[in-house]
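The structure presented is a predicted model; accordingly, all values stated were derived computationally and were not measured.
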Amino acid sequence: MHNQHTLLLRLPTLPHHPFTTTNAKLYIKRRKHTGSRSSSIRRTNWIVPKKALSMHFTSLSAANDSSSNNNCPTSRNSNLNESTFLASLMPKSEIGADRFLHSHPHYDGRDALIAIFDSGVDPAAAGLQVTSDGKPKILDILDCTGSGDIDTSKVVKADADGCILGASGASLVINTSWKNPSSDWHVGYKLVYELFTENLTSRLKKERKKKWDEKNQERIAKAVKQLSDFDQEHIKVEDAKLKKVREDLQNRLDLLRKQSESYDDKGPAIDAVVWFDGEVWRVALDTQSLEDDPDCGKLSDFVPLTNYRTEKKYGIFSKLDACTYVVNVYNDGNVLSMVTDSSPHGTHVAGIAAAFHPEEPLLNGVAPGAQLISCKIGDSRLGSMETGTGLIRALIAAVEHKCDLINMSYGEPTSLPDYGRFVDLVNEAVNKHRLIFVSSAGNSGPALSTVGAPGGTSSNIIGVGAYVSPTMAAGAHCVVEPPFEGLEYTWSSRGPTADGDLGVSVSAPGCAVAPVPTWTLQRRMLMNGTSMASPSACGGIALLISAMKAEGIPVSPYSVRKALENTSIPIGDSPEDKLSTGQGLMQVDKCYEYIQQSHSQNIPSVQYEIIIKQSGKTNPSSRGIYLREANACRQPTEWMVQVDPKFHEDANKLEELAVFEECIELHSSDKKVVKAPEYLLLTHNGRTFNIVVDPTNLNDGLHYYEVYGIDCKAPWRGPLFRIPITITKPMAVTNRPPQVTFSRMLFQPGHVERKYVEVPHAASWVEATMNASSFDTARRFFVHTVQICPLQRPIARRNVITFSSPTAKSFTFRVVGGQTLELVIAQFWSSGIGSQEITSIDLEVVFHGIKVNQEEIVLDGSEAPIKIDAEALLASEKLAPVAILNKIRVPYRPIDAKISSLSSDRDKLPSGKQILALTLTYKIKLEDGAEIKPQIPFLNDRMYDTKFESQFYIISNSNKQVYSSGDVYPNSTKLPKGEYNLQLYLRHDNVQILEKMKQLVLFIERNLEEKEIIRLCFFSRPDGPLMENGSFKSSTLVPGIKEGFYLGPPTKDKLPKNSVQGSVLGGSISYGKLSFSGRGDGKDPEKHPVSHRVSYIIPPNQVDEDKGKKSSSSSKKISERLEQEVRDTKIKVLGGLKQENDEECLEWNELSASLRTEYPKHTPLLAKILEGLVSRSYMKDKFHHAEEVIDAANEVIDSIDKEELAKYFALKNYPEDEEEEKIKKKMESTRDQLAEALYQKGLALAEIESLKEVDKSLASDATEGAKQDLEKSDEQSKDDGVHPDLFLENFNELKKWVDVKCTKYGTLLVRNERRNQRLGTALKVLNDIIEDDKEPAKKKLYELKLCLVEEIGWTHFSTYEREWMLVRFPPSLPPF
């Protein structure tokens, strides 16, 4: 789910130590991965001889002696010393890594290369510089998401002074020593906060705000003094000019104070320059905007970087942020990738796998000799969530670098296990390129079937659960009293998958104190989760690969996984524990012995693919048998099992495939329940056999069995394949009213109780009461419910309930009738530790339900109501229907669709296929500000279980200012009124698929404001909506008796304004009333555990009754009307002409001159000519153009009888007939044309004055008329700085006709105040104009604001505005 993207848990405080912090936090990506199961390592794994196991435990027991630094992973050791404490912070003994390294010190990961698919790795973090044998630790660092991409396609040349104009507009000095044979400099820029994490940005904002406030306070103090000095000098101010001077001083003070309150730091921009030095692409940055010292951060002082892979060099933006970055250049210098991490998660994961601390070896990662590549899949634009683009590019990079291992500590729930485009590409990487893929199983436990994709649901990925040992609990978690035995974390996800696969492969330590990025301002941090277990396992496998390569043993993901699973130590006493822990706690040393023996006996590298189908049914195939529903447990079932040996693609067909033959002995873990053949002869082409599962004699609850195959000739190999069989036999609810009670369930830390109930067919919600007693200190429980329905994600509800004292707590949740409900109560593994009290829990579960004839209701836009039949089949229920419409969805089709081929640098699949991109553009118009969410029903809410590669969208306005971006889980974004572009970016290598999506429908969903929400009415009669009688409120439903009522459509006057035909109003409807108090007032159906969707299709708008009526006959003759039509058409043609080059301007001038001659005093024509001149973007001489505007404006002004116009508006005119209404409209239009002419003339006069001040020589190029105006202006200048009468006369004339403070004409008022050096007043007026303007920001207004701020001398203010200019008016949209 989208709201599960980031899980942040506060962890216990670590003791004071140089590498610890007091507020360590856990960052876990995108999805909730949590679960629990009380477990211990007591069960003997059948493949390990008891003597060996006894010796293993003996050595571990001895390791607990104070003379040893090793820790037993299974039994409690409460006497920690400094060494054992440090070792517990980076657990290795639990998986046998310390024993393996003690025996093989040089097989510490050397020659093993791990790709870290995560949020990015900081190369400056502790322990991530070199390997144990002195090689570079990180070979490459990539941002696979594109979130750090900078468009550097713009190419500039240096001027004679060696300067170039940066993309941000800054002038940059090139270092003369830089080699650039082509003299081409690619430029781009980036807002630096876009590269930083939310936490780092928050810290920087606080520090920058503090400095800004100091500077602003200095300016405020100076403004206060100036105002005070003025008041002392002028005790009584009566002169108008002095009043304006004082007003200006007061405005300056007010502006500074207001700016302090409205300060919103968008961050500085950094300029980037890219060039080819003849050998490699080089990059230099200008980071002066980040530095307090103006001499720091200059471009010319930058030591150029190149792609990290080439020179292994990185940079730090500034001492303030302490953020490390690397660069990579793509697409022939047109794209610069700035790589930073999107959270500390990735660095922490990398540290667990492979950190090397020569000064603190106990804190080494599991494989300190291994090398890494960092593939950032967590997109910084999305708060570190993964994207399809990031995942695919990461796989491409892992194959290109010939990695041995991939670790991915990301994931989320899925509706289809082992399915999707990413899974397909992973299968190719594993089968063809022999990559070993390790991933976290998830943190969504303790209920079953909570493993996440891809780690827990994909056959070719090793899914890892999270284990905690007593030593880890005592050391890393600092608990008062650690558990006596190791156990799976409560929140670790459980199997099986929806298709019956085990889900969790193995378990590994799920917490560590590991390195974190330098920007966190600490060296290490404690995190826990399956995100930590996965790199622990991955590091252990890296040790194995190191040994295999050193000893010439071929590395195969098939053989390594088999060895890993068949040598793990089981956790827990029962077979069902496998669903929590997989095959158990991995053991590196035993795994290596297994691999050595397999190699010595030439055991082939084979994966045994299991495909299962139920006999007599055409259901989709599965990878295991999962009997979850009651019907499946009432009779025996027969299953057909297909076993297919799978070799790597490069296997020799003659020497490996043709000769492959194995005699396999089949075993059932319980022959009373699962019957299978005894033997199987397996060849390369596979073999089919049947098994029978008989659950009829089982007790209610959870049962787990296996059918596994043993090599008759080499039984030491253990199971070659396993067929997992999970049975959850639910208890039936037979009493009425339907309820079940579970009494005196006893809990200790980590204990899990699972109850399975067959939900009555007519039930739709549960009301439960949980009573806790017999305990002292506070207790924390997970209450987790799960139901599984076909082709959708598990319906899960997981709450944390804390009891501080014995009491009862009630809760309610939705259920699906007829489906098995798993109800799990688990005491958190560390809750109640140190207490001897056992908590007693009583749970009462009462089922409720109201059955209706149609759950989802669609009102078709007509006046007809919808009839609803309701009945209660279980017990009497209170029927109290409530329905609201609180959303509106507007459909859009794209206005543009473009398919393009992407760069082969990072978007070419290992198969050689080139990835293509489809960019769809949608135009969105909002009549009012609103919070919107874009939705693409075909694509949304599916990350891994989709055959489409990637999607990403950007919402921007006409200025290219980006307001929002998102992926498969769209975000709600608040947008002001206006028009927007939404660009949707889709990737795939199949052009035919992209072609089919060119007309993809997108919905914009908006939440209605409180006053707009429509409450629908219910009626007892079909005529109720029109007759407004017979309303239906509530009644009591008696089992067996249906009750009917009607849901009426909304009245047309209640529809949201500006509703578009075809839009859909959406909301919810609920029927039952909860018995619990405190559940609201029953007016919001969405607060009910069971609510259904209700929709209303907006019909065509009401026909305007006045539309189509003929107007009164005109008194004009047909010839006169025809002449007017011809004239107006000519004017329209003139207005439509372009003026983008000399030829077009000449055509426009000729036509305008011809029309001016033909209609010399026609004001609309003259106004259109003025409009054309003003809108002209192509001009060679600004001075001459301004003079042309003045002349055109004068023609408009002279064509209007101002005296007649003034007389008309002096009288109050209330039109009484159509003719008078026409006169009024004509006079208003004339007034507007006059005001516009005066306004444009004023702007042109101000422009001429400005040009003259910049360079008086421009006057010599102007026309004679303009010269005379300027000479007149000079003669009339006053000593007090007031500008000449020409501008002032025009301005005063404008004031007669319009309010010059309004948005449209206020700019001229700003110019007037600026000419009189009242800059504070000018700035205030300009701010008011900007705030009142409802249209998208106008660049000219903000440029004027920046000029005013700079003229006043507020440097801190101007820096702030300059940073905002790049936010409001970026030169282009950012790359996807």
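Judged by distance alone, with hydrogens and angles left aside, the side-chain atoms of Lys137 form a donor-acceptor pair with the main-chain N or O of Pro368 at under 3.5 Å. Using a distance-only test at 3.5 Å, with no hydrogens or angles considered, a donor-acceptor pair links the side chain of Gln914 to the main chain of Asp907. With hydrogens and angles ignored, the 3.5 Å screen pairs a side-chain donor or acceptor of Ser950 with a backbone N or O of Thr389. Remark: the backbone N or O of Thr310 is not paired with any side-chain donor or acceptor of Asn307 at under 3.5 angstrom. Between the side chain of Ser449 and the backbone N or O of Gly495 there is no donor-acceptor pair closer than 3.5 Å. At distances below 3.5 Å, not a single donor-acceptor pair connects side-chain atoms of Gln601 with backbone N or O atoms of Gln597. Remark: side-chain polar atoms of Ser568 are paired, donor with acceptor, to backbone N or O of Leu564 under 3.5 angstrom. With hydrogens and angles disregarded, a donor-acceptor distance shorter than 3.5 Å links the side chain of Ser439 to the backbone of Met408.
Side-chain contact check for Leu543 versus Leu101: some heavy-atom pair is nearer than 4.5 Å. Considering only heavy atoms from C-beta on, Thr581 stays 4.5 Å or farther from Tyr467 through its side chain. The shortest distance between side-chain heavy atoms of His988 and Lys947 does not fall below 4.5 Å. Put simply, the side chain of Ser103 does not reach to within 4.5 Å of the side chain of Asp589, judged on heavy atoms. Between Thr497 and Val451, the closest side-chain pair of non-hydrogen atoms falls below 4.5 Å. Here the side chains of Val674 and Asp670 are not in contact, with every heavy-atom distance at 4.5 Å or above. Under the 4.5 Å side-chain criterion, counting only non-hydrogen atoms from C-beta, Ile436 is not in contact with Val430. Taking the side chain as every heavy atom from C-beta outward, Leu666 and Tyr679 never approach each other to under 4.5 Å.
Between Leu657 and Ala651, the shortest heavy-atom distance links the atoms CD1-CB, 3.6 Å. Across every non-hydrogen atom of Ala533 and Val464, the tightest pair is O-CG1, 3.6 Å. Across all non-hydrogen atoms, the minimal contact from Ala397 to Leu142 is CB-CD1, 3.4 Å. Minimum interatomic distance between Pro417 and Ser415 (heavy atoms only, all atoms of both residues): CD-O, 3.9 Å. Ile352 and Ser536 get closest at one heavy-atom pair: CG2-N, 3.7 Å. Considering every non-hydrogen atom in both Pro509 and Glu94, the closest pair reads CG-CB, 3.9 Å.
With no hydrogens or angles considered, no side-chain donor-acceptor pair links Gln371 and Lys135 at under 3.5 Å. For Thr688 and Gln642, the side-chain atoms include at least one donor-acceptor pair closer than 3.5 Å. Side-chain atoms of Thr683 and Asn685 form no donor-acceptor pair, as typed in the model, at a separation below 3.5 Å. Side-chain atoms of Ser546 and Asp111 include no donor-acceptor pair closer than 3.5 Å. Using modelled atom types, one finds a donor on one side chain and an acceptor on the other under 3.5 Å when comparing Asp418 with Ser459. Side-chain contact, Asn431 with Glu649: no donor N or O sits under 3.5 Å from an acceptor N or O. In summary, the side chains of Ser534 and Ser440 do not present any donor paired with an acceptor at a separation below 3.5 Å, with no hydrogens or angles considered. Side-chain N/O atoms of His648 and Ser605 include no donor and acceptor closer than 3.5 Å. Remark: the Tyr704 side chain and the Glu706 side chain contain an N/O donor-acceptor pair separated by less than 3.5 Å. Judged by distance alone, the side chains of Ser505 and Glu565 do bring a donor and an acceptor atom under 3.5 Å apart. A donor-acceptor pair shorter than 3.5 Å can be found between the side chains of Asn407 and Ser409. When only modelled atom types and interatomic distance are considered, Gln607 and Arg561 share no side-chain donor-acceptor pair under 3.5 Å. Counted by atom type alone, Thr131 and Arg110 present zero donor-acceptor pairs between their side chains at under 3.5 Å. A donor atom on one side chain and an acceptor atom on the other are found under 3.5 Å apart for Glu551 and Tyr592. Between the side chains of Asn460 and Ser458, no donor-acceptor pair is found at a separation under 3.5 Å.
A salt bridge links Asp650 with Arg434: the distance from a Lys NZ or Arg NE/NH1/NH2 to an Asp or Glu carboxylate oxygen falls below 4.0 Å. A salt bridge links Glu400 to Arg309: one of the charged nitrogens lies within less than 4.0 Å of a carboxylate oxygen. Using a cut-off of 4.0 Å between Lys/Arg side-chain N and Asp/Glu carboxylate O, Arg687 and Asp644 are scored as not salt-bridged. Lys92 has no carboxylate O lying under 4.0 Å from a charged side-chain N of Asp98, or vice versa, which leaves the two without a salt bridge. The existence of a salt bridge linking Asp143 and Arg393 is excluded, since no basic side-chain nitrogen approaches an acidic carboxylate oxygen closer than 4.0 Å. Taking the charged nitrogens against the carboxylate oxygens, Glu412 and Arg942 have no contact shorter than 4.0 Å, which rules out a salt bridge.
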*asked:* For a side chain to side chain contact (heavy atoms under 4.5 Å, CB included) check, start with the C-alpha distance between Trp716 and Asp711, then their side-chain angles and the critical distance, and finish with the verdict.
replied: CA-CA 8 Å; Trp716 61 266; Asp711 187 344; over 6 Å; no
_Test log, rule side chain to side chain contact (heavy atoms under 4.5 Å, CB included), inputs Lys578 and Arg722_ = CA-CA 12 Å; Lys578 277 194 174 186; Arg722 293 178 171 91; 3.8 Å; yes
_Using the rule given for side chain to side chain contact (heavy atoms under 4.5 Å, CB included), can you reason through Ile723 versus Ile610, listing the C-alpha separation, both sets of side-chain angles and the distance that settles it, and then say yes or no?_
CA-CA 8 Å; Ile723 302 167; Ile610 305 296; 4.3 Å; yes
*asked:* Before you tell me yes or no, could you show the steps for Glu609 and Val643 under side chain to side chain contact (heavy atoms under 4.5 Å, CB included), namely the whole-Å CA-CA distance, both residues' side-chain angles and the distance that decides it to 0.1 Å?
replied: CA-CA 6 Å; Glu609 183 180 71; Val643 182; over 6 Å; no
*Evaluate the side-chain hydrogen bond (donor to acceptor under 3.5 Å, both in side chains) criterion for residues Glu576 and Tyr705: first the C-alpha distance (whole Å), next the side-chain angles of each, then the deciding distance (0.1 Å), finally the verdict.*
CA-CA 8 Å; Glu576 290 73 26; Tyr705 306 96; 5.9 Å; no
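Rounding to the nearest 0.5 angstrom, the gap separating the CD1 atom in Ile691 from the OG atom in Ser668 is 8.0 Å. Rounding to the nearest 0.5 Å places CD1 of Ile899 at 7.0 Å from CG of Leu916. If you take CG on Asp694 and CD1 on Ile727, they are separated by 8.5 Å, rounding to the nearest 0.5 Å. Residue Ile406 holds its CD1 atom at 4.5 Å from CG of Leu435, rounded to the nearest 0.5 Å. Distance check: Met640 CE to Gln614 CD gives 11.5 Å after rounding to the nearest 0.5 Å. To the nearest 0.5 Å, atom CD1 of residue Ile553 and atom CG of residue Leu544 are 10.0 Å apart.
Both the sub-6.0 Å distance and the 45° axial angle are not jointly satisfied by Arg421 relative to the ring of Phe948.
For Phe660 and Phe647, the distance between ring centers is under 6.0 angstrom. Ring centroid separation for the pair Phe721 and Tyr708 does not come in under the 6.0 Å cut-off.
Ring planes of Phe100 and Tyr107: tilted class, angle from 30 to 60°.
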